[in-house]
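Counting convention: from 1, in listed order, for ligands and their atoms alike. Heavy-atom basis, side chains included; hydrogens, waters and symmetry copies ignored. Numbers here simply count residues along the sequence, with the first being 1. Keep in mind the model is a prediction, meaning the values are calculated, not measured.
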Amino acid sequence: MSKIQMKNPIAELDGDEMTRILWKVIKDKLLLPFVDLKTEYFDLGLKERDLTEDAVTYEAAKAIKRLGVGVKCATITSNAARMEEYSLKHLTPSPNGIIRAELDGTVFRKPIIVNNVQATVSCWKSPIILGRHAYGDVYKNCEMTVNGPGKAELVFTQEDGTEIRKTIMEMKGPGILQGIHNTDKSIESFARSCFFYGLSEKVDVWFATKDTISKTYDGRFKEIFQQVFDKEFSEKYQEAGLEYFYTLIDDAVARVMKSEGGFLWACKNYDGDVMSDMIASASGSLAMMTSVLVSPDGVFEYEAAHGTVQRHYYKYLKGEKTSTNPVALIFAWTGALAKRGELDKTPELVDFARKLEKATLSTIESGKMTGDLARISTSSEKTILDSWEFIDVIASQL
Ligand code: NAP
Ligand code: MG
């Protein structure tokens, strides 16, 4: 059988622990036998990041930007315990944080749905993709406690020294104060990434804030989203038969719970923090959730939403064959390959990616699955497989 050809490479970012082990198995069994895989490889394993003082992470981010598509394995974010475990020279920042900043991107999480793992919310039939704005608001706040009466003011000193002043509150006694901000530039990037990803996934985009109460702050978010949409996306959405829908955050929450899913929900930073955990846990399992970083100029990096599954890795090191779920890692690869195929106009690559996804889902739906899914699956007949057996079944289906 001749292998499927790729016109252009994708950036491949290898990672740590159990996901690094599975990364290789997935490539060997599910990709290399079928695709003449072209990647630019970067080793983002913790040791290599430490040795290069993160240069490898910055190079990888540059390659993703240049190639337009990347796929990333989960990586350890170092802390004091890891410093000792890996004899690190220094604590390095989170690689995901570095790449997100380099790409000015937004992270979208998307559940992978199978018919024998029921979402807690029974009306959800299609995935709800959640996009969280990852800059500013309460996450970059300035706050204080005041011990007695006084006047709280909001002061903005312009570059020429002039001041704009507003009274927040004449405090009659002790209390608390908080200052938050955001920038037009960051909100615009966020809006653009959301509209790009909505188009890419062929789903409507919902956005919601509390602009009835926060007329200026949240009002600005609403205004910028509408401007970006009207100027850059409305025609493309019309052509694709998609829409952009704005509503109040409480209305959005009520509608989400009664919806069938199948849309992208853009959330402000705090809403996204809270709601992404709700969507993830209500959708089934962390191991069935992909994560995509999308830059405002339409560059895509795919990964699993879970971490390096450290606990399983220590078992693996003791010689045990673990039943770690590789589905989100497989879908990171299929997402990247399908996007590559779409950009390069190589439909056979897109087709391969979709077939691999189908083979993966139908394996689970036939009752063969890893332990985490067996615990929550509604199938009456279940076979629990270790990761290697599970991947072998997918390969034979494929
Ligand atoms: P984790 O790797 O997400 O795993 C937490 C637990 O969730 C596991 O112990 C396991 O539960 C379950 N789980 C997650 N993925 C699974 C899978 N594919 N199959 C089966 N079960 C799965 O989080 P962590 O152990 O707290 O973090 C480990 C490392 O990952 C940390 O060093 C952290 O910095 C890093 N991390 C990286 C990323 C990233 O690169 N995107 C994201 C998050 C965390 P049971 O043990 O009960 O089986
Ligand atoms: Mg959270």
Side-chain angles (χ1 to χ4, degrees), residues 12-23 25-26 42-50 54 56-57 60-61 64 70-86 88 91-101 103 105-112 114 117 132 134 273 276-277 280-281 283-293 301-318 320-333 335 360 364 369-377 384-391 394:
E12 174 187 354
L13 285 59
D14 209 343
D16 289 299
E17 299 194 312
M18 204 58 219
T19 45
R20 187 185 182 97
I21 305 296
L22 295 176
W23 194 257
V25 184
I26 291 168
F42 298 88
D43 184 358
L44 262 63
L46 182 53
K47 200 69 204 168
E48 188 63 21
R49 280 182 275 137
D50 190 54
D54 272 323
V56 64
T57 312
I64 299 172
V71 60
K72 181 180 170 291
C73 183
T75 45
I76 294 169
T77 300
S78 59
N79 58 20
R82 300 298 200 161
M83 199 135 168
E84 206 180 303
E85 184 183 356
Y86 285 80
L88 303 178
L91 283 181
T92 55
S94 144
N96 284 21
I98 292 178
I99 297 167
R100 196 168 66 208
L103 268 66
T106 300
V107 173
F108 297 91
R109 285 183 150 204
K110 179 181 169 188
I112 300 159
V114 282
V117 175
R132 171 183 171 186
D273 183 351
S276 62
D277 287 342
S281 87
S283 299
S285 158
L286 190 58
M288 296 291 280
M289 183 78 75
T290 55
S291 180
V292 189
L293 177 71
E301 183 217 44
Y302 296 81
E303 67 168 331
H306 59 76
T308 60
V309 212
Q310 182 181 13
R311 206 179 65 82
H312 295 208
Y313 181 60
Y314 290 160
K315 283 193 182 169
Y316 168 81
L317 287 181
K318 285 189 203 146
E320 222 181 284
K321 288 227 155 168
T322 63
S323 187
T324 314
N325 187 338
V327 170
L329 287 172
I330 295 171
F331 272 64
W333 274 104
T360 305
I364 300 171
M369 57 190 83
T370 46
D372 58 312
L373 288 184
R375 280 198 294 276
I376 54 172
S377 163
I384 300 181
L385 304 175
D386 68 43
S387 310
W388 291 260
E389 293 166 336
F390 179 64
I391 289 171
I394 297 171

Worksheet item: Looking only at atom types and distance, does a side-chain atom of Ser387 sit under 3.5 Å from a main-chain N or O of Thr324, one as donor and one as acceptor?
Response: yes
Worksheet item: Can you list the residues that meet the ring-ring contact (aromatic ring centres under 6.0 Å, His included) rule with Tyr313, with sequence neighbours excluded?
Response: none
Item to complete: Side-chain contact test, heavy atoms from C-beta onward, threshold under 4.5 Å: evaluate it for Arg49 versus Thr75 and give yes or no.
Response: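 Side chain of Arg49 against side chain of Thr75, heavy atoms only: contact under 4.5 Å found.
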Worksheet entry | Side chain proximity check, Phe42 to Asp14, heavy atoms < 4.5 angstrom |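 Result no, sub-4.5 Å side-chain heavy-atom pair not found.
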Practice prompt. For the pair Glu17 and Arg82, find out whether any cationic side-chain nitrogen is under 4.0 Å from an anionic carboxylate oxygen.
Written response: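 Yes, Glu17 and Arg82 are salt-bridged.
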Worksheet item: Charged N to carboxylate O below 4.0 Å: is that the case for Asp43 and Arg20?
Response: yes
Practice prompt. Run through ligand 1 for me and note each protein residue having a heavy atom under 4.0 Å from it, chain first, then residue number.
Written response: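 Lining ligand 1 at under 4.0 Å, by heavy atoms, one finds Lys72, Ala74, Thr75, Ile76, Thr77, Arg82, Asn96, Leu286, Ala287, Glu303, His306, Gly307, Thr308, Val309, Gln310, Arg311, His312, Thr324, Asn325, Asp372.
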